There are 2 protein chains.
Amino acid sequence: MRIGEVARRSGVSVRALRYYEEQGLLTPGRSPGGHREYAEDAVDRVRIFQQFYAAGLPSRRIAELLPCIDTDTTTDHQWAMLNAEHARISQQIDQLTTALARLTELIEAAADRRA
Amino acid sequence: MRIGEVARRSGVSVRALRYYEEQGLLTPGRSPGGHREYAEDAVDRVRIFQQFYAAGLPSRRIAELLPCIDTDTTTDHQWAMLNAEHARISQQIDQLTTALARLTELIEAAADRRA
DNA sequence: CTTGATTCTGACGTCGGCGGTAGGTTCTAG
DNA sequence: CTAGAACCTACCGCCGACGTCAGAATCAAG
């Protein structure tokens, strides 16, 4: 599969795919002429990247996670990082929930005035 | 209250406070010599800003929200924005929850191997 | 009045995830 | 064989929330 199709099927830009490779997240093969050749599971991997990006993980962290996903190994460093990110995201959800509640208050107050 | 104390009590940097003013979020008075003079409620306001920043609202949005907080008025534009941000944050929480679940899977798998 | 801590105003630097452009090459359909 | 679509590398640009100087002015204490 070439880069354009991966982009369409995964919903990201061609530029983003090249960026992911630059960051060590994808390592597609190459055609004789130098064009990137992606395996089938590339699309799923990209979707996973998007999820992690949305959760605030930088490329470097995602790259560090890859061995845990691909091979079934986990170093001490990775173990610590997994737990740290878990805690960070949990906390982030709490903060968002608080902010959401505050927004809801504003919305309800405004709704009363509009009624 | 001067800027240093506001910074200490609210937990943000002096630079951040000046930045907030630049963005129209705070409008402290000035001493005869030009130093900023903050009212008591500035600390609370800054904490609110931090919450909204943590929720992904840019300064411009927060500035647009201020009239809803300070005075009890809401324009159509503000009403739409309030609801849009509410939806965005809800969606963001969903995404974080999904990512968190995926991380939890990785952690449990790793925990088994470590056991 | 002096000193040292605090504050002031610019203005440039940073980081991350791409967007966009330029100029050239490769692939594929007819 | 040729055209045009898709691809390549390399590089600069952008945004937002500050960090980080530099150099000058102000403030509170003794």
Side-chain angles (χ1 to χ4, degrees), chain A residues 1-39 42 45-66 81 85 88-89 92 95-96 99, chain B residues 1-39 42-43 45-66 81 85 88-89 92 95 99:
Chain A
M1 206 178 358
R2 294 192 310 181
I3 198 170
E5 191 178 347
V6 179
R8 272 193 306 280
R9 303 215 313 209
S10 61
V12 307
S13 69
V14 166
R15 180 69 179 83
L17 292 175
R18 292 203 264 255
Y19 175 74
Y20 297 161
E21 183 177 355
E22 208 177 296
Q23 301 302 308
L25 303 183
L26 287 175
T27 43
R30 295 289 179 141
S31 77
H35 288 192
R36 292 170 177 82
E37 273 298 331
Y38 293 87
R45 284 175 72 92
V46 169
R47 294 212 177 102
I48 295 179
F49 297 159
Q50 290 295 102
Q51 280 189 6
F52 283 139
Y53 276 129
L57 280 89
S59 301
R60 176 164 299 182
R61 295 285 164 206
I62 300 180
E64 288 173 347
L65 282 182
L66 287 185
M81 202 253 293
E85 288 299 336
R88 195 187 56 73
I89 296 176
Q92 176 87 5
Q95 289 184 28
L96 285 174
Chain B
M1 207 178 359
R2 294 192 311 182
I3 198 169
E5 192 178 348
V6 178
R8 272 191 306 278
R9 302 213 316 205
S10 60
V12 306
S13 69
V14 166
R15 179 65 178 89
L17 292 174
R18 291 202 265 253
Y19 175 74
Y20 298 161
E21 183 177 357
E22 207 175 295
Q23 301 303 308
L25 303 183
L26 286 175
T27 43
R30 296 288 179 142
S31 77
H35 287 192
R36 291 170 178 81
E37 272 297 332
Y38 293 86
V43 175
R45 285 175 71 92
V46 169
R47 294 212 177 101
I48 295 180
F49 297 160
Q50 289 296 100
Q51 279 189 6
F52 283 140
Y53 277 129
L57 279 90
S59 301
R60 176 164 300 182
R61 296 286 164 206
I62 300 179
E64 287 172 349
L65 282 181
L66 286 185
M81 202 254 294
E85 289 298 337
R88 196 187 56 74
I89 295 176
Q92 177 86 6
Q95 288 183 27

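Letters A, B, ... are given to chains in the order of the sequence lines, protein chains preceding strands, and every chain is numbered from 1. Because the structure is a prediction, the values reported are computed rather than measured.
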How many whole angstroms separate atom [atom1] of [X] from atom [atom2] of [N]?
{"X": "E21(B)", "N": "dG10(C)", "atom1": "CD", "atom2": "P", "result": "12 Å"}
{"X": "E5(B)", "N": "dA28(D)", "atom1": "CD", "atom2": "C1'", "result": "14 Å"}
{"X": "I3(B)", "N": "dT6(C)", "atom1": "CD1", "atom2": "C1'", "result": "10 Å"}
{"X": "L26(B)", "N": "dC18(D)", "atom1": "CG", "atom2": "C1'", "result": "15 Å"}
{"X": "M1(B)", "N": "dT6(C)", "atom1": "CE", "atom2": "P", "result": "16 Å"}
{"X": "E22(A)", "N": "dC8(D)", "atom1": "CD", "atom2": "P", "result": "13 Å"}

(message) Please encode protein proximity along nucleotides 16-28 of chain C as a string of B, S and -, counting only heavy-atom distances under 4.0 Å.
(response) -BBBB-----SS-

(request) Classify the nucleic acid contact of R61(A) as base, sugar-phosphate or nothing, counting any heavy atom under 4.0 Å across all strands shown. (result)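 The residue R61(A) makes no contact with any strand.
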
Shortest non-hydrogen separation from [X] to [Y] and the atoms involved:
{"X": "F52(B)", "Y": "A99(A)", "value": "CE2-O, 4.3 Å"}
{"X": "A7(A)", "Y": "S13(A)", "value": "CB-C, 4.2 Å"}
{"X": "A54(B)", "Y": "Q92(A)", "value": "O-NE2, 3.5 Å"}

(message) Taking salt bridge (Lys or Arg N to Asp or Glu O under 4.0 Å) as the cut-off, I'd like each qualifying pair that reaches into residues 24-36 of chain B, sequence neighbours left out, listed once.
(response)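 Every salt bridge (Lys or Arg N to Asp or Glu O under 4.0 Å) pair that includes a residue of residues 24-36 of chain B, provided the two are not neighbours, is E21(B)-R30(B), E21(B)-R36(B).
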
(message) Applying side-chain contact (heavy atoms from CB on, under 4.5 Å), can you list everything that pairs with E64(A), at least two apart in sequence or on another chain?
(response)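 Counting only residues at least two positions away or on another chain, E64(A) forms a side-chain contact (heavy atoms from CB on, under 4.5 Å) with R60(A), R61(A), H77(A), M81(A).
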
(message) Is R8(B) close enough to dT6(C) that one of its side-chain N or O atoms is under 4.0 Å from OP1 or OP2 there?
(response)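 The answer is no; no side-chain N or O of R8(B) sits under 4.0 Å from OP1 or OP2.
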
(message) Quick check on dC7(D): is either OP1 or OP2 less than 4.0 Å from any side-chain nitrogen or oxygen of R36(A)?
(response) no

(request) Sort out for me which residue in R9(A), R2(A), R8(A) forms a side chain to side chain donor-acceptor pair (under 3.5 Å) with E5(A). (result)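 For E5(A), the side chain to side chain donor-acceptor pair (under 3.5 Å) check succeeds only for R9(A).
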
